[in-house]
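A quick write-up on the structure given underneath.
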2 protein chains.
Amino acid sequence: MHPRPRETKLAIKKNGILNEVFRSGSCQRFDLARRLNINATMMGNYVEELISAGLLVEGDPAAASRGRAPLHLNPQRGCFLGIDFEALRARGILCDFAGEVLERKEVSFRNNISRENVLNRILKLAKELADRADRPLLSIGIAAPGQVDCESGRVLHYRLLSDFDQVPLRDRFEQAFETALFVEDNIRALAYAELLRGSGKGSRNFLCLAVRSGIGLGIVIDGKLYSGSNSMAGEVGYLVFNTTQGPQLATDLVSAKGFVDSTLKLINTQKMTTGRKQLLDKEEVTLADIISVAEAGDDVLLEQLKQLGKHLGMLTANLANLFAPEKIVLAGEVPNCSLVVRQQMERTFRQYTLPQILTTVYLEDGSLGGFAGALGAAWMGFTRIFPVDEETLIQQAKEKQQAKHLTTKV
Amino acid sequence: MHPRPRETKLAIKKNGILNEVFRSGSCQRFDLARRLNINATMMGNYVEELISAGLLVEGDPAAASRGRAPLHLNPQRGCFLGIDFEALRARGILCDFAGEVLERKEVSFRNNISRENVLNRILKLAKELADRADRPLLSIGIAAPGQVDCESGRVLHYRLLSDFDQVPLRDRFEQAFETALFVEDNIRALAYAELLRGSGKGSRNFLCLAVRSGIGLGIVIDGKLYSGSNSMAGEVGYLVFNTTQGPQLATDLVSAKGFVDSTLKLINTQKMTTGRKQLLDKEEVTLADIISVAEAGDDVLLEQLKQLGKHLGMLTANLANLFAPEKIVLAGEVPNCSLVVRQQMERTFRQYTLPQILTTVYLEDGSLGGFAGALGAAWMGFTRIFPVDEETLIQQAKEKQQAKHLTTKV
DNA sequence: CTTACTCGTTATGATATTATAATAAGATAC
DNA sequence: GTATCTTATTATAATATCATAACGAGTAAG
């Protein structure tokens, strides 16, 4: 009837061990015992069981200065797939049981790609990578853009793809795959990757601000991703500011798309120059286009870039004052699109962050690059399969029992 | 040498039981076993030990429909003192071991009170309440305004009292009291009270926004207060918005003092009316004064009130979009200072909060009234004395050992 | 008004975890 | 180069925790 506390507690401990090894890559029994506050004798027993279950392996004995050989996850045990997509491209990662990258692939989308095509392209990408797997594929994580409902595995709305409302991502993937599937907000996936093995490694509280076509925020509190109700936390793009032009959304002020659109609008009210004309003649103006005209000496555009930096600085300062995090990890191309923007951003950030908070918090670039979201989605598979919180585990146990029940009945 | 894991784990469990009883007021052994995921047999043993230690008592047997009499904390075991102060007043609460209020007292400060006088008044308040205690005083919690450094027990800066920088609150209290002392941000204390027995009871994630002379934010995540680095999280007053008048701080837009000041400035640029003149003649204009003139038919002031509501609405909407909390608990007089303000606030909140987030989050008034901060400070004493996290416990154990060491040496 | 059930509690034997001491081997001090 | 210290691991005995069954008192069904 009730789930067995003893089994659950044991599973929590074993999963905790596996997760710790996943995080640290390699460690000895004693390290694990100390870090997880488990008796060394017990740790020896647990590890032995995990080794005979084929989950852990002992590595090179020479790597240990003392005692037995350090432990690793058995890379052959299985692999994880992560897919990350947004308006312009999709990226996929296939990693082994220890999280090491086996395969990676990126595909670009043409402009105004249809909803159906996006789905087909990411499905194809996932299949291609899954086919290359030479070991059991344990889970597929999908890092989706826009407003994501993780529960139902759908994208509720994404502004930058046409007709992208109520998109049943998980359902579509379930038709093509047998594997465990989950959908996560792409910024949270990115933040998770940075937490595990990127700039956030070792930090208990930090924020991950991604500014590219859109903007998003990943919140790590107490070493865990914070999702809020409905898993909707971090919708930083919808922050509203009462500016000279009336209320404006953060996404319109600092995202690449928002900035380009508002800048083009501004140009139309100013006198024309050669550089600006060139911009207006283009079919699709990018942030880089504006920067190159600005750096060629266009004062109006340069001022715009400074404004962009200022807005980014205010945004990060506000986040710092609210969360007092250890750091704010920056991702996406916008914060580093140009020196002008970055410097102004830093300056404004320092200006408006409380001095006391400024003593600890700082801006840092993400260290995992463009595949961070896909990596995070893949790595998340590990904790999903080996969860350490009671509720998820009890849930898992119940589902297993139900499955048993069904098979015995049939 | 090392702290004993067995002792620590046992202490965590026992403290967890005490905290659970503190939260729920009264419960049976079996409830505790289920809620804390501890075996019922063990729970029986633990409870027996806690009863013989004089911490728990059995209540009225008739209150239980089945089984043994429900458990309570032994109210005679001790009491807790909480002091909350801000620019205009100080409030104190003395509560028993179960958290029930024994005494309460409020004192008002005159305008421009000196730093020294503030300290003396709150010390006197604390002494008065402490003197009325008929059982051991276990801790004194001080809920302090402004930027608080909990670690050193000092107020770093508070705008609304003159010369209130680097105020060593804990040191001053330590000279007068022998009891355990701690200093906490007053909004966090308030949020803690609402979490335990107020509007936040039962919520795992919520925000507590206090808008009075200044503004502050308490953040509850995963059922715990979030403090950030340096315990500086929640400095919502320093959020900056790029408005028509240039960058402005949230505190200048929505706090009572900020609003009154900016409104007076505005009046000076407008044509004078009888009502406005009356305002300017006053020595000290309050929010209530402005409201009464506005409601007497002053359109300019009415518009100001609407602006105030709008700003409050935007602020809460931004917080909702960032945190996706279960609710935002409102405290302080400003959100309810007038119907105009509150209605406009709700309207704007609904306008700018993402629909998906709006399905769960709502604005709710705090239910503990003006003494909430003092209550929170008093109640916090309980978890400080009976902590449930490893680190604090190990810390406690070390301190005890050191004390022993010292006494044996002497 | 009886019977079967649920719920809170406790007793008992089985199992898991810890404290402690023992062992082995690298590191450090002299 | 030897003695001492530190560290990672294990064996053993003491202790804590759990699963299970048993009990008694309310509750619901007939």
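To find a chain, count down the sequence lines: A is the first, B the second, and so on, and within it residues start at 1.
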Shortest side-chain distance from A:R6, nucleotide among C:dA14, C:dA11, C:dT9: C:dA14
Does the cation-pi check pass for B:R135 over B:F97, that is, NZ or CZ under 6.0 Å from the six-membered ring centre and within 45° of its axis? no
Let me know the distance between [atom1] of [X] and [atom2] of [N], rounded to the nearest Å.
| X | N | atom1 | atom2 | value |
| --- | --- | --- | --- | --- |
| B:F30 | C:dG8 | CZ | C1' | 7 Å |
| A:E7 | C:dA16 | CD | C1' | 14 Å |
| B:R66 | C:dT10 | CZ | C1' | 17 Å |
| B:K9 | C:dA16 | NZ | C1' | 11 Å |
| A:K14 | C:dT17 | NZ | C1' | 14 Å |
| B:M42 | C:dT15 | CE | P | 18 Å |

Please examine the side chains of A:W379 and A:F80, heavy atoms only from C-beta on, and report whether any two atoms are closer than 4.5 Å. no
May I ask you to test the A:T8-A:E390 pair for a side-chain heavy-atom distance under 4.5 Å?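 Yes, at least one pair of side-chain atoms sits under 4.5 Å.
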Quick check for you: to the nearest 0.5 Å, what is the distance between A:R68 atom CZ and A:F30 atom CZ?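 Going from CZ on A:R68 over to CZ on A:F30, the span is 15.0 Å.
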What contact category does A:R29 fall into here, base, sugar-phosphate, or nothing, at under 4.0 angstrom with non-hydrogen atoms?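 If one applies the 4.0 Å heavy-atom cut-off, A:R29 turns out to touch the sugar-phosphate alone, with no base involved.
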Using a heavy-atom cut-off of under 4.0 Å over every strand shown, decide if A:R68 touches base, sugar-phosphate, or nothing. sugar-phosphate
From the options A:E48, A:E49, A:E7, select the one residue that forms a salt bridge (charged side-chain N to carboxylate O under 4.0 Å, His left out) with A:K14. A:E49
If you measure from the Lys or Arg side-chain nitrogens to the Asp or Glu carboxylate oxygens, is any gap between [X] and [Y] under 4.0 Å?
| X | Y | value |
| --- | --- | --- |
| B:E100 | B:R197 | yes |
| A:R35 | A:E20 | yes |
| A:D96 | A:R77 | no |

Given the rule in the side-chain hydrogen bond (donor to acceptor under 3.5 Å, both in side chains) test, do B:N205 and A:S229 qualify, once you have shown the distances and angles that lead to the verdict? CA-CA 8 Å; B:N205 302 301; A:S229 323; 5.5 Å; no
Distance under 4.0 Å to a non-hydrogen atom of chain B counts as contact; along DNA chain D, which nucleotides mark the start and end?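 Counting from the 5' end, contacts occupy D:dT15 to D:dG26.
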With DNA chain C as reference, determine whether A:I38 or A:G67 sits nearer its 5' end, using the nearest nucleotide of each. A:I38
What bend angle does the helix from C:dC1-D:dG30 to C:dC30-D:dG1 show across its length, from five-pair end axes and to the nearest 10 degrees?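 Both end axes considered, the difference amounts to 30°.
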